[in-house]
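In this text, all values refer to a predicted model and were calculated from it rather than measured experimentally. Every chain is numbered from 1 and lettered A, B, ... according to where its sequence line falls, protein lines coming before strand lines.
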There are 2 protein chains.
Amino acid sequence: MTSVRTEAAYAMLARTLRGAILQGRYADGARLPTEAELATEYRVSRQTVRRAFHDLVSEGMVRRVPGRGTFAAPRGGQYLRQFGSVEDLMGLSLDTKLEVITPLRRQVDIDAASRLRLDSDVVYRIVFRRLHNDVAFCLTTVYLPPDIGMVLAELPALSTPGALSEVTVIGMIDTHTGSSVAEAEQSITAVAASDPVALSLDGRPGDPLLRVDRSYVDTAGRLVELATSYFLPEHYSYRVKLRRGPA
Amino acid sequence: MTSVRTEAAYAMLARTLRGAILQGRYADGARLPTEAELATEYRVSRQTVRRAFHDLVSEGMVRRVPGRGTFAAPRGGQYLRQFGSVEDLMGLSLDTKLEVITPLRRQVDIDAASRLRLDSDVVYRIVFRRLHNDVAFCLTTVYLPPDIGMVLAELPALSTPGALSEVTVIGMIDTHTGSSVAEAEQSITAVAASDPVALSLDGRPGDPLLRVDRSYVDTAGRLVELATSYFLPEHYSYRVKLRRGPA
DNA sequence: CGTTATTTGTGCGTATGTATT
DNA sequence: AAATACATACGCACAAATAAC
């Protein structure tokens, strides 16, 4: 049985602080409370606070300076997130909302079907925006194979025009179908905003946008989702941490 | 004054273990000694061993399983969290050429100096293009701290206007200075081409470009390079593969 | 099947050092 | 010089997962 492990104190504190930073408290490089203050406030030891901060440092959420304090990583009003893993993508639902533009439904699209490597030409398609603090920063079109689309089309969060929810499509695939997303490949380029995209994102046609194409593969190696997103650079920047790996 | 801090015990242990893994001891996911064993062997507390392991886990070098032990990450990088790598960046020199626009030289720049977290306001700066098959696809400005810039400024490949060579700046840092780049953080957005950038890239002002900001950190945790690059989306797109970590 | 030994995970306490103000 | 704040290091106790018996 999968009994729910109680979240570790340091993990909970890290989550709390992460949320506070992402929601814009400690805006733009402000100083966070000291270790001692947080220890008192949350009734934990200073070591536990340090453990939480250690995680936040490695995520790039805060910067620490001996003798001065701990500072939120400056984000010039942008939505900034680290996407180094599939977990990071699923974490999108933590502090953003999904707003349905065109609900998930069955459709004939030869091109999308062939990109999903399907035999038939039937796919499911949904268009939605993602909001952070009620500001739209991204417009996404998702294509799903019929068996998965059919299941997810039952969910009100994806099938109701205008619906607002805190979910991710890959999260839904994980919980509502037999598939589990294991891997994603993304390709990122810059494009000029087309008229309809500009309209949905409250920008102007011709504005530079980030275009991100992702394909998701489940544990069995099957392509389970294709997504194309357009991001407003004023409200979003993509961030990755690269490391030198085992040779 | 930059007095040389003696390396922390946990950092030294982490470096030792990292080296052992990279050299293929513990090959093929072999089990490492337990915390208690390492603590005895290196005459440190178990907590210090844990601190070292914590770093190695976040680097993806090892995988830990409660009740079983600590295992070296398989060489294929199967369980690696980060899929872009510093090696990918160094690989740029394999099939592209660097063409110097403004040679590397000393300069006063308060803003760049503070972003490099320097005490003084002196930095070294170079501007270059990168060519693939004699087509320019990227324009880059690099800032270096004085001690590193001073050394690299001696190299003709970076100090001669118009010079063409097959090198990368981080490669030069690796081979010509005491530092070794271990980590890079990048942030990617889209911008409209300014007049001078458009000119260098044979594009038109206003064209959408990918803007990539990178900061490079060496093995000692020091910021050793800041780079800003503009890419033509027609000739370049950024790709990453994301995986789900071992649950 | 439970019991036990091993091994990592969590949490706290203390002491000392170093950087900054 | 003193106070503040983060960094390192060690110690201990107990919990949770695993494997072997």
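When the C1' atom of C:dG11 is taken as reference, atom CE of A:Met12 falls 15 Å away, rounded to whole Å. In this structure, B:Phe71 atom CZ and D:dT18 atom P are separated by 11 Å, rounded to whole Å. For the pair A:Arg43 CZ and C:dG13 P, the computed distance is 12 Å after rounding to whole Å. Straight-line distance from the OH atom of A:Tyr42 to the P atom of C:dG11: 15 Å, rounded to whole Å.
The shortest distance between the side-chain N/O atoms of B:Arg51 and the OP1/OP2 oxygens of D:dT8 is below 4.0 Å. Using a 4.0 Å cut-off, no side-chain N or O of A:Arg64 falls inside it from OP1 or OP2 of D:dA5. The phosphate of D:dC10 has neither OP1 nor OP2 within less than 4.0 Å of any side-chain N or O from B:Arg46. One finds no side-chain N or O of A:Thr48 lying less than 4.0 angstrom from the OP1 or OP2 phosphate oxygen of C:dT10.
Under the salt bridge (charged side-chain N to carboxylate O under 4.0 Å, His left out) criterion, B:Arg25 pairs with no residue at all, not counting sequence neighbours. Residues meeting the ring-ring contact (aromatic ring centres under 6.0 Å, His included) test with A:Phe128, sequence neighbours left out: none.
For D:dA1, there is no paired nucleotide, since no Watson-Crick or G-U wobble pair has both relevant distances below 3.5 Å.
When heavy atoms are screened at a 4.0 angstrom cut-off, A:Arg50 is found touching base atoms of the nucleic acid. Residue contacts for A:Arg63: at a heavy-atom cut-off of 4.0 Å it reaches no nucleic acid atom on any strand shown.
Side-chain atoms of B:Arg68 lie closest to D:dA19 of the nucleotides C:dT8, D:dA19, C:dG11. Listed nucleotides: D:dA9, D:dC6, D:dC10. Nearest to the side chain of A:Thr70: D:dC6. For A:Pro66, whose side chain is taken as the heavy atoms from C-beta onward, the closest listed nucleotide among C:dA19, C:dT7, D:dA5 is C:dA19. Among the nucleotides C:dT7, D:dC10, D:dA7, the one closest to any side-chain atom of B:Ser45 is D:dC10.
With DNA chain C read from its 5' end, the first of the two nearest nucleotides for A:Tyr10 and A:Gln47 is the one closest to A:Tyr10. Nearer the 5' end of DNA chain D, as judged by each residue's closest nucleotide, is the contact made by A:Glu35, out of A:Glu35 and B:Val65.
The side-chain hydrogen bond (donor to acceptor under 3.5 Å, both in side chains) analysis of residues 215-224 of chain A, with sequence neighbours excluded, yields the pairs A:Asp147-A:Arg222, A:Ser179-A:Asp218. Note on residues 20-69 of chain A: pairs passing ring-ring contact (aromatic ring centres under 6.0 Å, His included), not counting sequence neighbours, are A:His54-B:His54.
No cation-pi contact links A:Arg130 to A:Tyr236, judged by a cut-off of 6.0 Å to the six-membered ring centre and 45° from its axis.
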Would you list the atom pairs, donor with acceptor, under 3.5 Å between side chains in residues 30-37 of chain B and any protein atom, with sequence neighbours excluded?
unit_1, atom_1, unit_2, atom_2, d
B:Arg31, NH1, B:Arg68, O, 3.1
B:Thr34, OG1, B:Glu37, N, 3.2
B:Glu35, OE1, B:Arg46, NE, 2.4
B:Glu35, OE1, B:Arg46, NH2, 3.0
B:Glu35, OE2, B:Arg50, NH1, 2.7
B:Glu35, OE2, B:Arg64, NH1, 3.1
B:Glu35, OE2, B:Arg64, NH2, 2.9
B:Glu37, OE1, B:Thr34, N, 2.9

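Judged by distance alone, the side chains of A:Ser237 and B:Thr189 never bring a donor and an acceptor atom under 3.5 Å apart.
Within a heavy-atom distance below 4.0 Å of DNA chain D, no residue of residues 52-62 of chain A is found.
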